[in-house]
Amino acid sequence: MLTIKNLHAEVDGKKILKGINLEIRKGEMHAIMGPNGSGKSSLSSVLAGRENYTVTEGEVIFEGKNLLDLSPEDRAREGLFLAFQYPVEIPGVSNLHFLKTALNEIRTYHNLPPLESKEFLKLTKEKQQLVDFNANLMNRSLNEGFSGGEKKRNEVFQLAMLDPKLAILDETDSGLDIDALRIVAAGVNKLRNADKAFMVITHYQRLLEYIVPDFVHVLYNGQIVKTGTKELALELEEKGYDWLKEEVHQKESV
Amino acid sequence: MTSDKSFYEFISNGVPGPEQKVDADNAIMPARKLAFSRFKELGLPTIKTEEWRYTNVQRFLKDAFTLAQEEQATVTPEQLKAASIPQLDSYRVVLVNGRLQTDLSELPAGGKITVSKLSDAAGNAQLQAWFDKHPHLQSQPFAALNAALFADGLFIEAGVNATLDKPIQIIHVYTASANAFIQPRHLVVLHKSATLEIIESAVGLNDSAIAFVNAVTEVVLEENAELWHYNIQSTIKNSRHIYHTSATQKADSRYHHFNFTLPSAELTRNNLSVALTGSNTETNLHGLYLATGTQHVDNHTFVDHLVPNCNSNELYKGVLLDDANGVFTGKIHVHQDAQKTNAFQQNNNLLMSEKANINSQPQLEIYADDVKCSHGFTVGRFSEESLFYLRSRGIGEEAAKSLLVNAFAFDITDQVHIPALQDFLAEKIRQYVAGAINN
Ligand SMILES: Nc1ncnc2c1ncn2[C@@H]1O[C@H](COP(=O)(O)OP(=O)(O)OP(=O)(O)O)[C@@H](O)[C@H]1O
Ligand SMILES: [Mg+2]
């Protein structure tokens with residue numbers, strides 16, 4: 001589904017991604033871990049098409065298309081979704097109106113007619129229950145005055161509504177209380193199927209107990225320095241990142 | 001035609017003076033003559049004139065203009081539709097270059113509310129009492145010029161306790177086959193406890209020649225009267241607009257003014273002023289202005305608190321794209337007698353490009369001590385973060401930008417109490433932003 005080859009990217013002249021290679025196939029759940037500032041959000045930003053990042057080398061193929069050639073909206077319409085680490089507040093744009101616009105723009109792209117209001121409301125209700133999203137928040141302005149956890153839940157609610165092929169969750173677990181974490185994880189698990197893939201960025205092994213990954217990657221200094229299975233997450237939880245950093249530096253000096 | 005003469009010269013000596021008007025022997029002729037000498041004395045403003053510092057009007061007057069102009073025009077149903085608000089049940093008043101077209105209009109009939117040509121109302125006592133009497137107009141050269149040489153306009157009078165079942169929509173059609181200086185003049189008088197809703201919109205018929213519109217509307221609210229006054233300014237490219245709207249509010253009256261500027265025109269200058277002459281009044285001034293390309297939009301407002309216990313509330317918001325230029329000057333004058341005044345003013349701007357520009361200046365002159373007044377001014381840059389967020393959900397750049405602009409305008413459009421008008425404005429804003437992006 002997604003093939004990242006030797007991806008280099010910089011922002012404001014600063015090199016952030018330094019040769020990322022990653023292959024994500026249908027049905028797979030990938031976890032990405034790594035110390036603060038290692039480039040995890042940068043990777044998701046580059047994939048989603050944030051304009052202040054410049055790709056200097058490499059390529060990204062998503063469902064047979066050259067992802068980097070597409071505008072952010074076309075990436076979303078092709079089935080890529082990013083749940084933001086820091087969702088923005090947009091006063092004056094109602095959550096529901098926003099979702100309806102998004103959904104219909106995606107449908108138009110696929111030559112589908114816009115959803116009837118009734119169908120839209122039905123879908124909204126179903127997904128809202130799936131991720132246990134507070135119905136009162138849906139009529140409010142997009143994320144305005146939402147608590148940290150409410151914002152994260154809104155990201156997952158949008159994910160459920162837009163039903164992408166590949167969802168990137170950037171620290172969606174941070175800021176969620178223990179119950180919310182379980183609910184959100186259960187929601188994600190329900191959305192999982194053989195045709196979809198997930199890339200979950202997290203600092204905590206706890207999330208991975210609920211959402212069991214097929215692969216765990218460690219990103220450090222703009223590169224994936226280690227790939228393993230869910231056991232790797234446990235090891236990191238126990239030992240931290242220092243041993244990995246040392247390994248990397250030793251390799252570099254050899 | 002002006003040609004090589006300056007516009008001032010042309011007006012002062014090159015055209016028939018007020019005494020040559022067809023209504024030469026009517027009751028307002030003395031007022032016209034007075035206004036003419038006032039205009040000559042005031043002269044045309046330059047950028048050295050304080051109130052015109054940021055608007056170089058001279059450069060818009062360089063072309064050759066004529067005061068003669070079409071009094072009628074063939075207005076097709078499509079053209080009328082373009083300026084009409086869909087789904088709005090209203091009376092309709094159509095003017096061509098300021099002249100009432102009864103055949104195209106649907107006027108309220110048989111009630112206590114009359115809509116007529118100003119020229120037909122010359123003998124009316126109200127017209128004589130109020131015409132060109134507003135204190136704030138006395139120092140305004142363009143208003144004086146209008147009073148001296150206006151062609152025609154509307155006189156709307158609502159009797160004591162009068163009310164209408166639906167709003168009056170006034171559609172101003174402007175058309176010029178040669179560069180024309182068009183001067184409509186209107187007077188709206190609401191007698192005691194009358195209420196009315198007026199929605200003004202404008203449409204241009206062709207842009208082969210320049211239509212320079214210099215319009216004046218005087219509004220009088222007697223005791224306990226209430227007027228909802230919406231003005232939607234969006235006309236053709238080849239036009240220039242200077243508007244004066246001056247209201248007088250007597251005790252317990254309520255004036256809600258909405259100004260939406262979504263111009264195609266190069267120049268829009270609005271002078272909105274309210275004189276509060278009776279206590280316990282309420283004044284709400286809402287403005288939304290958008291500008292794109294090299295357009296210039298200038299809003300001058302003035303709320304004059306002359307007596308105690310009046311409330312005024314003003315919110316103007318602007319969105320400027322491309323190289324557009326915005327000006328906002330909000331004057332509040334609280335006189336020494338005007339104790340217990342509440343006067344609030346806010347002007348917020350959203351700049352959507354590096355080169356767009358806004359000059360905003362509040363002018364508070366407060367001479368009473370027991371008052372609550374505040375003002376605020378913000379300029380925000382367009383949030384790339386928000387735009388990216390929306391686009392990352394599949395919303396195209398154009399739709400995303402118009403969502404954001406509509407969101408910014410929400411405080412204003414939300415105050416519009418007519419749902420059909422609210423929808424119309426949202427769609428207008430969407431089209432405007434889309435047009436600006438695709439340019
Ligand atoms: N606009 C920018 N200008 C300069 N440096 C930037 C910019 N944006 C990000 N960076 C830098 O890029 C590096 C990677 O940041 P990124 O947000 O991708 O890290 P992360 O792995 O997501 O960290 P965290 O775990 O804290 O979320 C950091 O050093 C950050 O300071
Ligand atoms: Mg991050």
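Numbers restart at 1 for each chain; the letters A, B, ... are given by sequence-line order, proteins then strands.
- Heavy-atom distances place the side chain of A:Q158, and not its backbone, under 4.5 Å from chain B.
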Worked check of side-chain contact (heavy atoms from CB on, under 4.5 Å) between B:L390 and A:I90: CA-CA 10 Å; B:L390 297 175; A:I90 311 188; 3.9 Å; yes
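- Taking the charged nitrogens against the carboxylate oxygens, B:R393 and A:E155 do have a contact shorter than 4.0 Å, which makes a salt bridge.
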Between A:E51 and B:R391, does the salt bridge (Lys or Arg N to Asp or Glu O under 4.0 Å) criterion hold? Intermediate values first, please. CA-CA 11 Å; A:E51 267 155 5; B:R391 291 178 74 188; 3.3 Å; yes
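- If you measure heavy-atom distances from A:P87 to chain B, the contacts under 4.5 Å come from both the backbone and the side chain.
- Closest approach of A:A76 and B:G394 over heavy atoms only: CB-N, 3.3 Å.
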Applying side-chain contact (heavy atoms from CB on, under 4.5 Å) to B:E385 and A:E89, what does each step give before you reach the verdict? CA-CA 10 Å; B:E385 258 318 287; A:E89 299 193 5; over 6 Å; no
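- Residues A:F84 and B:F388 bring their aromatic ring centres within 6.0 Å.
- In this structure, A:V88 and B:S386 approach most closely via the heavy-atom pair CG2-CA, 4.1 Å.
- With contacts defined as side-chain heavy-atom distances shorter than 4.5 Å, the pair A:V93/B:F410 does not qualify.
- For residues 419-431 of chain B, every residue pair satisfying the salt bridge (charged side-chain N to carboxylate O under 4.0 Å, His left out) rule, not counting sequence neighbours, is listed here: B:E427-B:R430.
- The contact between A:R50 and chain B is made by backbone and side chain atoms together, counting heavy-atom distances below 4.5 Å.
- Side chain of A:E105 to backbone of B:G396: a donor-acceptor contact under 3.5 angstrom is found.
- Here the shortest heavy-atom pairing between A:P91 and B:A407 reads O-CB, 3.3 Å.
- The side-chain heavy atoms of B:I395 and A:I106, taken from C-beta on, include no pair separated by under 4.5 Å.
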